[in-house]
Structure formats: structure tokens, C-alpha cells
Amino acid sequence: MSVRYSTAIDRFLRSGEVPSLADVPGQEPLWAYVLSTMQDDAIRLGVRGDRLKERIYRDEMMQMIAECEQKQAFRLKCLPPDSDPEAALLQYREDVEQRAEAHRPLLMLNLRQIPDYLKRCNVSDLDFFQAWNLMGGYWNEVLFEQARRLVRLQHDFPQLLDMARYMGREADTEATDRMQASAGTSMSLDHASHSDIEGFTLGNDLSALLPGELALSADSELSDLFALRYATQSLQMFRSRSDLLKPTRRLQETSARRCGPMIVVLDTSASMDGRPLELGYSLLVRLLEYAVSSRRDLFLISFAVSARPVDCLSEKGRLLQQMRLRADGHTDVSTALDIVFDLLANDPRYLGADVALVSDFQVPVVNKARQLVWRRMQEAGTRFYGLQLGLMEHSPWCPFCDKYWVIDYHFKMSRYSFVPES
């Protein structure tokens, strides 16, 4: 259900389109409140076109919608079998009306106060978005500054930004090659260019002629001119991207890259306590903003004594709870990697994932069997990145990673970033 609200809000922010009353289901009272905010001139004129306010409006509305739906789902689950469904619906309406009455003034207040605060404190939009993602749609200056501490580490350690850019890559939709995914004996094209038209050129391909040239062929007085231009290959025609492709035999050599989820495997053992763990969470916060803006999945798998996977987009509560824990225990990277391998192997949506291992790497390399699975995952398109927090010469993990960073967090600026030798 939230997908329908999300789609309607995105369409409103993009084009100003407001769903008509005919599109509003009578049994879904939340729609009435959502529409009332879209029809409010203060919101419609003050929010649309302002990137910051659009984000605040969308996140706060989706948070309110999610809370109402979760409470109603819990209420229905607890209803006795012989209860009256009409009474439950009436209770739901009353609950939504009460929440809406309290939510609207708070929404309007935040749309005024947050931009003023960011301007006064000289906070960039990107820094705000990252900290805001951890606040669950609720504004509090104290909590915001606590979250912003993690964001500011990115300015002191720019390798975090470099690593996030690698992991937050976009699918190569303009690639001149192609990517195929096989299932049994069938083959399917996962993605292609948005448009095949590249520009204009001269030639005599009748299937690509401009409309004006086609008019020449239909005119009896100009048909001779058309024949001459056809013979000399001087007709104006569309130039196609496919005309510039490499030969088919070469298309098979390099596949276009797709984007699976981003997965952060974070060491939370005792040796990571303090600044190293903060740096790991700073990277996660940056990746969370990439995930929100690009609609990519982001998973956190922390490992010490045991591994605990968290879906960072849909389980914000678990994520915040995890971030409040202190580093403790010993390192068990094998269990965390087993979870990653299982995730990648059993769901085709996770092809082309970007996996980050964040640790001080004071652990031995995994056994030969896991190394073999690791290599097979890389051959299938998964990328593995390593972020080493603290100096250690000749790390045995480096050769297994597509790219490897080292941050000496005792100094303000990190100094190393390199691709391992093949």
C-alpha cells in the first residue's frame, strides 16, 4: 500500500499532479489527508522546486503513512475472530484523523525551521540528507548534530567519499555492449540504451530517413532529385547508436554492468571500538543516501561473535539500534561472508552487488573454499572493496579486493588508496 502513496507523492513533487477524488478508495482514510496536503497552497507553492523542502515533505509524509499502516496492521492482527470489522475501520479513521491533526502543524513548522537552521549553521544539503536519513522523519537539533558528527568525518577522511562513489555507481545504461542473464536455455537482455538515436547524418538507409526526405520521394516533381541523392548517399537520415557499436563478436567480450545491492560487512569486534567504528558508520551513512536517492538496496552485516544482517532502508529502527552498540567480542568474518555468499547466490536480483569489507583486518584470510566462492562471485560481476582502518603492512586481504583503501585514523587525512595487483 505504501508504494501507491509513494508513487502519488513522487508524481506530485515532479509534475504537480494531484490524484482526483475518484482515485481515492473510500476505505482508505489516509488518502484524504495526503490529498489535503497536496492541495494546500502553502505546500504546493512552497515545496515544489525546492530540493530540500521536497525531501522533508516526502520523508515526513511517508513516515506518517508507515506508522498509520503499521498500527492498523497490528490492530487487525489482535482482533478476535468474532469482532466487528466496521468498528475496527471506525477506530482506524479516528486514529488517522488524530495523527493528521497533530502532523500537519509539525510538518509546516519543519518546512520553515529546518532550512533556516541549515542556512544559519552553514550545513550543505548533502550533509543534511545523510544525517536526516538517521532521524526517521523527525526533526531534533540535538539528534541532528549527533548524526552530523558521523557525516563530518567524510570531510576529514576523503577516502570514505571515494569508496562510497565506487559503491554508489549507477548501472551502465548507455553502454555500447550488452549484458545477458541466462536461465536454462532462455536468454534475456537486462537493459539497453534509453534511445537508439544518436544524431543526424547522410546516407541512403530508407528506414532511417528524415520526414522531409520522405516527402521528396512522394513529390512527382522532386522524385528525380530524391533518386540522385539516394544514388550519391546524400539523403538526410537519423544516426543510430547501434551504427556505432562494435562488431557482435566483440560485444561478448565485455558485459555491461548492472547494479545489485550495496552490502557493508562491518567489523564490530573490540579492536574496532572508538574512531574505527565511527569511520565505518560514516561510510554507511553516505551509502544510505546513495541507496535512498537511487532506490538500491543496502544491507549492513556486522560481525563480532555473530553476524546480524540489517536492511538499512526498511529496518531503520534496527539500524539505529545497531549503531548505538559498542564494539565488543572477537572477529568472526567467515560467518559474515557466508551470509553474503548465500544472499548473492540465491537471488538473481543481487547480481552485480557491491560489497564493502570494513575492518582493521587483524584477522586471518578465510579458508580456500571461501576464497574459491569469492573468486566465482567476482567473475559473476560482484565487486568486493576493502577499507582497512589502521596501518598494517602487506595485508593478506588486499589481493582479493577489486579496490582497497587504508586509513591511518591517527592522522587527520588518510593517505592510501590503491588497486591490488592482478
Side-chain angles (χ1 to χ4, degrees), residues 6 9 13 37 42-43 46-67 70 99 102-158 160-161 164 168 262 264 266 268 274-294 298 300 302 310-327 358 409 412:
S6 175
I9 291 174
L13 294 175
T37 63
I43 294 177
V47 171
R48 289 192 60 244
D50 187 316
R51 180 169 172 246
L52 177 63
K53 292 183 178 180
E54 285 183 351
R55 180 67 172 271
I56 296 170
Y57 170 79
R58 187 188 191 283
D59 288 354
E60 292 210 8
M61 291 299 297
M62 291 306 300
Q63 180 68 23
M64 189 265 191
I65 291 167
E67 289 176 354
Q70 290 168 4
R99 285 177 176 269
H103 181 263
R104 184 187 290 269
L106 184 60
L107 172 64
M108 301 302 296
L109 180 65
N110 286 342
L111 287 173
R112 292 193 305 269
Q113 284 189 343
I114 295 178
D116 290 343
Y117 179 85
L118 301 182
K119 184 177 181 180
R120 185 170 66 252
C121 297
N122 196 28
V123 181
S124 69
D125 286 357
L126 182 56
D127 284 2
F128 165 73
F129 292 152
Q130 294 182 72
W132 175 249
N133 285 329
L134 299 177
M135 300 179 66
Y138 293 103
W139 174 250
N140 180 289
E141 293 182 7
V142 175
L143 294 179
F144 174 76
E145 289 300 332
Q146 291 177 354
R148 191 181 167 205
R149 285 183 61 250
L150 292 176
V151 178
R152 283 200 295 262
L153 288 174
Q154 300 164 12
H155 304 294
D156 293 338
F157 299 92
L160 296 173
L161 302 179
M262 295 178 288
V264 177
L266 178 63
T268 57
R275 178 53 59 89
L277 193 60
E278 290 179 347
L279 290 169
Y281 284 134
S282 182
L283 172 66
L284 181 70
V285 169
R286 183 72 171 203
L287 292 176
L288 181 58
E289 174 57 22
Y290 276 120
V292 170
S293 59
S294 62
L298 173 64
L300 169 65
S302 60
V310 178
D311 186 334
C312 298
L313 290 180
S314 62
E315 298 180 309
K316 289 284 185 68
R318 286 192 62 200
L319 174 61
L320 295 176
Q321 183 180 14
Q322 171 65 42
M323 295 178 68
R324 294 189 187 103
L325 298 177
R326 290 196 61 181
V358 182
Y409 56 86
K412 186 173 183 179

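Bear in mind that the values here come from a model prediction, so they are computed numbers and not experimental data. In this chain, numbering begins with 1 at the start of the sequence shown.
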Would you say [X] and [Y] make side-chain contact, with heavy atoms under 4.5 Å?
X	Y	answer
Arg104	Leu107	no
Arg51	Phe129	yes
Leu313	Asp311	yes
Leu288	Lys316	yes
Leu287	Val264	yes

Just by modelled atom types, is the [Y] backbone N or O under 3.5 Å from a matching donor or acceptor in the [X] side chain?
X	Y	answer
Lys53	Pro115	no
Ser282	Leu150	yes
Glu54	Gly49	yes

Salt-bridge contact Asp116-Arg120 (side-chain N to carboxylate O under 4.0 Å):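 Result for this pair is no, no salt bridge flagged.
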Salt-bridge present (Glu67, Arg99; N to O < 4.0 Å):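 Salt bridge flag = yes for Arg99 with Glu67.
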Enclosure of Asn140 CG (heavy-atom neighbours >12, cutoff 6.0 Å):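 Enclosed: over 12 neighbouring heavy atoms sit under 6.0 Å from CG of Asn140.
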Gln321 atom CD, neighbour heavy-atom count above 12 within 6.0 Å: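 Atom CD in Gln321 is not crowded, with 12 or fewer foreign heavy atoms closer than 6.0 Å.
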With Glu145 via salt bridge (Lys or Arg N to Asp or Glu O under 4.0 Å) - residues at least two apart: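 With neighbours one apart ignored, the set is Arg148, Arg152.
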Pair Asn133-Arg286, side chain to side chain donor-acceptor pair (under 3.5 Å): steps then yes or no: CA-CA 10 Å; Asn133 285 329; Arg286 183 72 171 203; over 6 Å; no
Tyr117, Tyr138, Trp132 screened by side-chain contact (heavy atoms from CB on, under 4.5 Å) with Phe144, the one that passes: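 Of Tyr117, Tyr138, Trp132, side-chain contact (heavy atoms from CB on, under 4.5 Å) with Phe144 is met by Tyr117 alone.
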